Undergrad: 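Submitted below is the structure of interest, expressed as structure tokens.
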Amino acid sequence: MSPPVVLVEHDPKLPVVELVLATRTGSMYDPSGREGALNLALKTLTRGAGALSGDRLEEHLDRLGAEFSAGAEVTTTHIHATVLRRNLEAFTALLRDLVARPLFEPEEVSRRARALRADIVDSRDDDRTLAGRHFRRGLFRGHPSGRPVAGTPSTLPTLAAVDVRSAYTHAFTRGNVVCGASGAITEVEARALFGCVLEALPEGAAPSGALPDPQPLRGRELLVVDKPDRTQVQLLIGCLGTRADDPDHVPLAVGNAIFGGTFTARLMREVRSKRGWSYGATSRLYRDRARDAWSMWTFPAVTDAPACIALQLQLLERWVAEGITARELSQAKQFLIRGRAFDFETPSRRLSHRMDEAIHGLPEGYHRTYADRVAKVTVEQVNRAVRRRITPRDLLVVAVCTASASLEALKGVIPGLSRVTVVPFDTD
Amino acid sequence: MVRVPMSDPTERLQRALERLNHGRPARRRVALLEPFAFGPHRVEHLRLGNGLRVLCLVDPTAPVVSYNTWFRVGSRDEVEGKTGLAHLFEHLMFNETRDLPAGRFDQLLERAGAETNASTWYDWTHYYANVPRDQLPLVVRLEAGRMAGLVLREKPVASEKEVVANERRYSVDDDPDGTVNEALWANAFTVHPYHHSTIGWMKDILAFTVDDCRRFYRAFYAPDNATVVLSGDLDLARAVTLLDRHYGPLKASGVRPRALPEEPTQTEERALTLTLPTPSARVAVGYKSPPYGHPDHPALTVLCEALTGGRSARLYHRLVTVRELASDVGAWASTFCDPGLLEFNLTARDGGASEALLAALDQELDGLEREPLTADEVERAVARIELGFYRSLETASGRAEIAGFADTVAGSPTAAWERLRALTSITAPRLQEAARAYLLRERRTVVHVRPNLAKVAS
């Protein structure tokens, strides 16, 4: 068994300690029909562990001045705690119970499932969240990356304590956990603390965590999330992007900065600065172990939405067909390289990068050397990466809007539509 | 005033100032004033001849500088019919200046690797740029340039009005929380400008003229209405020399705080009901509360935290975890210069009604009399507040913001730490007194939200 991975960023300036435990697997292993099991397990941790009931445990956490959060992603999970340094010793015992001796009592699991279900219902008030949720489901149809990490209002009530315990035990084994500490804690202290937590976990290596790449879309699809009385259209338009280890990833990230990653990028300039059509106009390249997404986000008024979509598609096609200029590349490089100073400003940020490398299987020092790789990117590499990875003909357009007011106009400005779907905003 | 020991950099700063001020008339001199204590840090305090207040916090831990400008103007300074102007102006400040064509300001800062943004609220407008330390000269030049040299033209103003209208649609019109918050303050305040939200009414946003903007700029954007806060890896003497070079020639506007109408004492509860296309009922309750600088404010802050701040907080535990009436509860004592609101916001679960939420809230707040918050509950709340405060100081930007906010709203950066001391010494009986004094039904406003079920049914 290899020794546990413990990463430490010591800085005693503030009397605060941050502790992180992350796993290299996530909700991808939730069984079909049991979506949300691992996330529910993590959300139930504070509802009883060791000899403490949920109520006593939560009181104790607050008394120590501890922030505790836990949750799952598709390929990872995290347990994150921040505590006042003077209470670290008392917190260590609590953390050991939380991580290694959770009770998962049936009534507490059900209680938390009901709370998470209510959160999902409430989140339908946020149009951006709705757009994001439907975008991922549509883009990664049939792939683990498109499954609902937090479950759905239908799956959550069916999850039993046994599902939750099984999901947690599968993920939290000694060989699958990466530990990190930052702030007013030394490496010796951190190793002792995590040693004490990890020794109580079951043996077990990291599962493979390998994910196949999702299938790309074929053609352009419009998915309208129908919600009453909208004054705006929340728009997410995108396609697949790159894997984390794809040689195109860094050139594409640079290309994305030029297209929609900064305040002076093409998208922001054309949509917001020149026309005032949307408060935000940005694009983003995501990164995970499997090929993840690239998307652009705007939210124009209902009356401007058709023209805004048409403009965005034009900009996208031009970006792919004509590429970028040397001047744009120079500007983006300076922004990306100089801005790295902030990524290492605090112990917490430094730790976050090292944890990212460890749990996503990136080479050690990936973030420290990121600026060097950006510096070497050429115009040709960017243009090649954009052409290879961004697919203007195969796109998903998600629009959260009032269908009766917007659907026909939106259809009219997206050439080559192969599929149009309308779903009510309050479906699962 | 806390005495702070002199350091070598300060001695160098004094020598630099002697050189700088040599032979100058009094109105052009840079004054080094008594420094402020800011926890383990020392904040140098200077004033330029034109009234610009400068605060410098040196911390060489990381090679970055956070550059913040706080203007003492916000939506409190607007009049009916012109609401939202302070916020629109925050947007316009990223446009053309006498020295730079439109778009160049952002381009230069991006090239410098800067993180930059701004925010506006009732009492202030705050601009920041976080830059690698070697880019400080650029930021000083750009910030001074737009403080006095902004160029306002028809087309960009029209475009920015559209942007702000879209921001309003996003954060208020299509967002139930934004809609509720706007309604709560609009009904709680009848004559004080806290009546209107900072983003402004839509009809006002769309009606602004370039002349409105020019008048606003002349009145409020001037060195004597601003504080510049620098935090990070600074050479004090060089920084102050730069500030003097770029800001020193700017003219003061002579702006004076406007006398605002005093809100009459509320004598009866106000209530209204909104019907919105949302899946969940809500209730928002606002009790009249004191300004940020009032001695009772720390007690109300702890009260909010003890009731809703953590999972074991009383309201959260009872209404969310045990009774499962609410999916969320929150409380906040407004941090404004003038009296504001102590807000409670609750969202119902499983088709519950806002009336049931309000009844449950009332039961708990009325119950504070017979079941006061315990010393243990207060201790938990204070520990959480303390943790939050320290975390907010992690970055140069966070330190600059805390110092600048305390200075703008409470008169000195030291106030942030004095407040922490006040918060951590609050006792349970003190909370009880505060609850008794401010949780008065005749001084509250209630907004109910009823879901429009016909519209949200699948």
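A quick note: this is a predicted structure, and the numbers were derived from the prediction, not measured. Excluded from the calculations below are hydrogen atoms, water molecules and symmetry mates; all remaining heavy atoms, backbone and side chain alike, are included. Below, chain A is the first sequence line, B the second, and so on; all start at residue 1.
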Undergrad: Taking the cut-offs as 6.0 angstrom to the six-membered ring centre and 45 degrees off its axis, would you call A/R349 and A/F342 a cation-pi pair?
TA: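 No cation-pi geometry.
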Undergrad: Between A/A332 and A/A257, what is the shortest heavy-atom contact and its length?
TA: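 In this case the closest contact between A/A332 and A/A257 is CB-CB, 4.4 Å.
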Undergrad: For A/P300, which atoms come within 4.5 Å of any heavy atom of chain B: side chain, backbone, both, or neither?
TA: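 Backbone of A/P300 only, per the 4.5 Å heavy-atom cut-off to chain B.
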Undergrad: Does the A/K227 side chain pair with the main chain of A/P424, one donor and one acceptor, at a distance under 3.5 Å?
TA: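 No.
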Undergrad: Relative to chain B, which segment of A/L84 carries a heavy atom at a distance below 4.5 Å: side chain, backbone, both, or neither?
TA: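 Both parts, heavy atoms under 4.5 Å.
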Undergrad: Counting heavy-atom pairs closer than 4.5 Å to chain A, which one of B/L109, B/N130, B/D173, B/N95 comes out on top?
TA: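 That would be B/N130.
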Undergrad: At a 4.5 Å cut-off on heavy atoms, which part of B/D177 comes close to chain A: side chain, backbone, both, or neither?
TA: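 It is neither, since no heavy atom gets under 4.5 Å.
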Undergrad: Working to the nearest 0.5 Å, report the span between CG of A/L235 and CD1 of A/I309.
TA: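 Spacing of CG (A/L235) from CD1 (A/I309) equals 4.5 Å.
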Undergrad: Given a strict heavy-atom distance threshold of 4.5 Å, which part of B/D134 is in contact with chain A: side chain, backbone, both, or neither?
TA: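 Interface part for B/D134: neither.
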Undergrad: Heavy-atom distance under 4.5 Å to chain A: side chain of B/E160, backbone, both or neither?
TA: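 Just its side chain gets close to chain A.
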Undergrad: Relative to chain A, which of B/R133, B/Q107, B/E377, B/E379 shows the most heavy atom pairs under 4.5 Å?
TA: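 Highest number of heavy-atom pairs under 4.5 Å: B/Q107.
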Undergrad: Could you please spell out the steps behind the side-chain hydrogen bond (donor to acceptor under 3.5 Å, both in side chains) verdict for A/D55 and A/S53?
TA: CA-CA 6 Å; A/D55 291 354; A/S53 69; 5.5 Å; no
Undergrad: Can you tell me which portion of B/A313 sits under 4.5 Å from chain A's heavy atoms? Options are side chain, backbone, both or neither.
TA: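 B/A313 touches chain A through backbone heavy atoms alone.
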Undergrad: Name the option with the most non-hydrogen atom pairs under 4.5 Å to chain A; the candidates are B/R391, B/R168, B/E162, B/E167.
TA: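 Looking at each option in turn, the highest pair count goes to B/E167.
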Undergrad: Would you mind checking which part of A/R275 comes under 4.5 Å of any heavy atom in chain B, side chain (CB onward), backbone (N, CA, C, O), both or neither?
TA: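 For A/R275, the contact with chain B is made by the backbone alone.
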Undergrad: Tell me, side chain or backbone of A/E67 under 4.5 Å from chain B's heavy atoms, or both, or neither?
TA: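 For A/E67, heavy atoms of backbone and side chain both lie under 4.5 Å from chain B.
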Undergrad: Tell me, for A/V16 versus chain B, whether the close heavy atoms (under 4.5 Å) come from the side chain, the backbone, both or neither.
TA: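 Contact with chain B involves the side chain of A/V16 alone.
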Undergrad: Report which part of A/S330 has an atom under 4.5 Å of a heavy atom belonging to chain B: side chain, backbone, both, or neither.
TA: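 No part of A/S330 comes within 4.5 Å of chain B.
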Undergrad: In terms of heavy-atom pairs under 4.5 Å with chain A, which of B/K161, B/E115, B/K155, B/H317 leads?
TA: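 Highest number of pairs under 4.5 Å: B/E115.
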Undergrad: Heavy-atom cut-off 4.5 Å, strictly under: side chain, backbone, both or neither for B/T321 against chain A?
TA: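 Contact with chain A: backbone and side chain both.
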Undergrad: Checking heavy atoms, do the side chain of B/A383, its backbone, both or neither come under 4.5 Å from chain A?
TA: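 Contact with chain A involves both backbone and side-chain atoms of B/A383.
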Undergrad: What's the verdict on side-chain hydrogen bond (donor to acceptor under 3.5 Å, both in side chains) for A/R230 and A/S406, showing C-alpha distance, side-chain angles and the deciding distance?
TA: CA-CA 10 Å; A/R230 297 301 86 194; A/S406 297; over 6 Å; no
Undergrad: Hey, is the main chain of A/G276 close enough, under 3.5 Å, to the side chain of B/N166 for a donor-acceptor pair?
TA: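 Yes.
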Undergrad: Parallel, tilted or perpendicular for B/W417 and B/F38, by the 30°/60° rule?
TA: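 B/W417 and B/F38: perpendicular rings.
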Undergrad: Under a plain distance cut-off of 3.5 Å, with no hydrogens placed, do A/S348 and B/E394 share a side-chain donor-acceptor pair?
TA: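 Per modelled atom types, B/E394 and A/S348 side chains form no pair under 3.5 Å.
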Undergrad: Students often mix this up, so state it plainly: with edges at 30° and 60°, are the rings of B/Y170 and A/Y279 parallel, tilted or perpendicular?
TA: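 Ring orientation of B/Y170 relative to A/Y279: tilted.
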Undergrad: May I ask you to decide if the ring planes of B/H91 and B/H87 are parallel, tilted or perpendicular, using 30° and 60° as cut-offs?
TA: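 Geometry flag for B/H87 against B/H91: perpendicular rings.
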Undergrad: Should the heavy atoms of other residues, nucleotides or ligands under 6.0 Å from CD of A/E107 be counted, would the total exceed 12?
TA: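 More than 12 within 6.0 Å, yes.
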Undergrad: Please determine if A/D62 and B/R311 form a salt bridge, counting it only when a charged side-chain N lies under 4.0 Å from a carboxylate O.
TA: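 Answer for the salt bridge query: no.
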Undergrad: For chain A, find which of B/S159, B/P63, B/G39, B/P156 contributes the most heavy-atom pairs closer than 4.5 angstrom.
TA: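 Option with the top pair count is B/S159.
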Undergrad: Roughly how far apart are B/D106 CG and B/T116 OG1, rounded to 0.5 Å?
TA: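 B/D106 CG to B/T116 OG1: 7.0 Å, rounded to 0.5 Å.
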Undergrad: Which atoms of A/K13 come close to chain B, meaning under 4.5 Å heavy atom to heavy atom: side chain ones, backbone ones, both, or neither?
TA: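 Just the side chain, heavy atoms under 4.5 Å.
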Undergrad: Does either side chain, that of A/D122 or that of B/S280, offer a donor lying less than 3.5 Å from an acceptor on the other one?
TA: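 A donor-acceptor contact under 3.5 Å links the two side chains.
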Undergrad: For A/R86, is it the side chain, the backbone, both, or neither that has a heavy atom closer than 4.5 Å to a heavy atom of chain B?
TA: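 Just its side chain gets close to chain B.
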Undergrad: Does any backbone or side-chain atom of A/R269 lie under 4.5 Å from a heavy atom of chain B? Answer side chain, backbone, both or neither.
TA: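 It is neither, since no heavy atom gets under 4.5 Å.
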Undergrad: Salt-bridged, A/D343 to A/R350, with N to O below 4.0 Å?
TA: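 Looking at A/R350 together with A/D343, the answer is no, because their closest N to O distance does not fall below 4.0 Å.
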Undergrad: Among A/V121, A/T82, A/L61, which residue has the highest count of heavy-atom pairs closer than 4.5 Å to chain B?
TA: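 Answer, by heavy-atom pair count under 4.5 Å with chain B: A/T82.
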Undergrad: If I measure from the heavy atoms of chain A, does B/T395 come under 4.5 Å with its side chain, its backbone, both, or neither?
TA: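 The answer is both parts of B/T395.
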Undergrad: Which region of B/D376, side chain (C-beta onward) or backbone (N, CA, C, O), has a non-hydrogen atom less than 4.5 Å from a non-hydrogen atom of chain A, or is it both or neither?
TA: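 For B/D376, the side chain is the part near chain A, not the backbone.
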Undergrad: Once the angle between the rings of B/F94 and B/F105 is folded into 0 to 90°, is it parallel (under 30°), tilted (30 to 60°) or perpendicular (over 60°)?
TA: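 Rings of B/F94 and B/F105: perpendicular, as their planes differ by over 60°.
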Undergrad: Is B/E324 close to chain A through its backbone or its side chain, or both, or neither, when contacts mean heavy atoms under 4.5 Å?
TA: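 B/E324 touches chain A through side-chain heavy atoms alone.
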Undergrad: So for A/T262, is it side chain, backbone, both, or neither that comes closer than 4.5 Å to the heavy atoms of chain B?
TA: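 The answer is both parts of A/T262.
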Undergrad: Against chain B, label A/S273 side chain, backbone, both or neither, depending on which of its atoms sit under 4.5 Å from a heavy atom there.
TA: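 The backbone, not the side chain.
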Undergrad: What part of B/A114 lies closer than 4.5 angstrom to a heavy atom of chain A: side chain, backbone, both or neither?
TA: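 Contact with chain A is through the backbone of B/A114 alone.
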Undergrad: So what's closer than 4.5 Å to chain A heavy atoms on B/R282: side chain, backbone, both or neither?
TA: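 For B/R282, the side chain is the part near chain A, not the backbone.
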Undergrad: Measuring heavy-atom distances to chain B, does A/V423 have an atom under 4.5 Å in its side chain, in its backbone, in both, or in neither?
TA: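 Looking at A/V423, nothing touches chain B.
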Undergrad: I need the A/F425 CZ to A/R133 CZ distance, nearest 0.5 Å.
TA: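 These two atoms lie 11.0 Å from each other.
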Undergrad: Against chain A, label B/P176 side chain, backbone, both or neither, depending on which of its atoms sit under 4.5 Å from a heavy atom there.
TA: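 When you check distances to chain A, only side chain atoms of B/P176 fall under 4.5 Å.
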Undergrad: In terms of heavy-atom pairs under 4.5 Å, which option from A/A118, A/P15, A/A341 contacts chain B the most?
TA: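 Greatest number of close heavy-atom pairs with chain B: A/P15.
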Undergrad: Between B/R349 and chain A, which part of the residue has a heavy atom less than 4.5 Å away: side chain, backbone, both or neither?
TA: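 For B/R349, the contact with chain A is made by the side chain alone.
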Undergrad: Please state whether the side chain, the backbone, both or neither of A/D125 comes within less than 4.5 Å of a heavy atom of chain B.
TA: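 Both backbone and side chain.
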Undergrad: With a 4.5 angstrom heavy-atom cut-off, which part of B/Q135 approaches chain A: side chain, backbone, both or neither?
TA: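 Interface part for B/Q135: side chain.
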Undergrad: How long is the gap from CG on B/D174 to CG on A/D229, to the nearest 0.5 Å?
TA: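 Here the interatomic distance stands at 9.0 Å.
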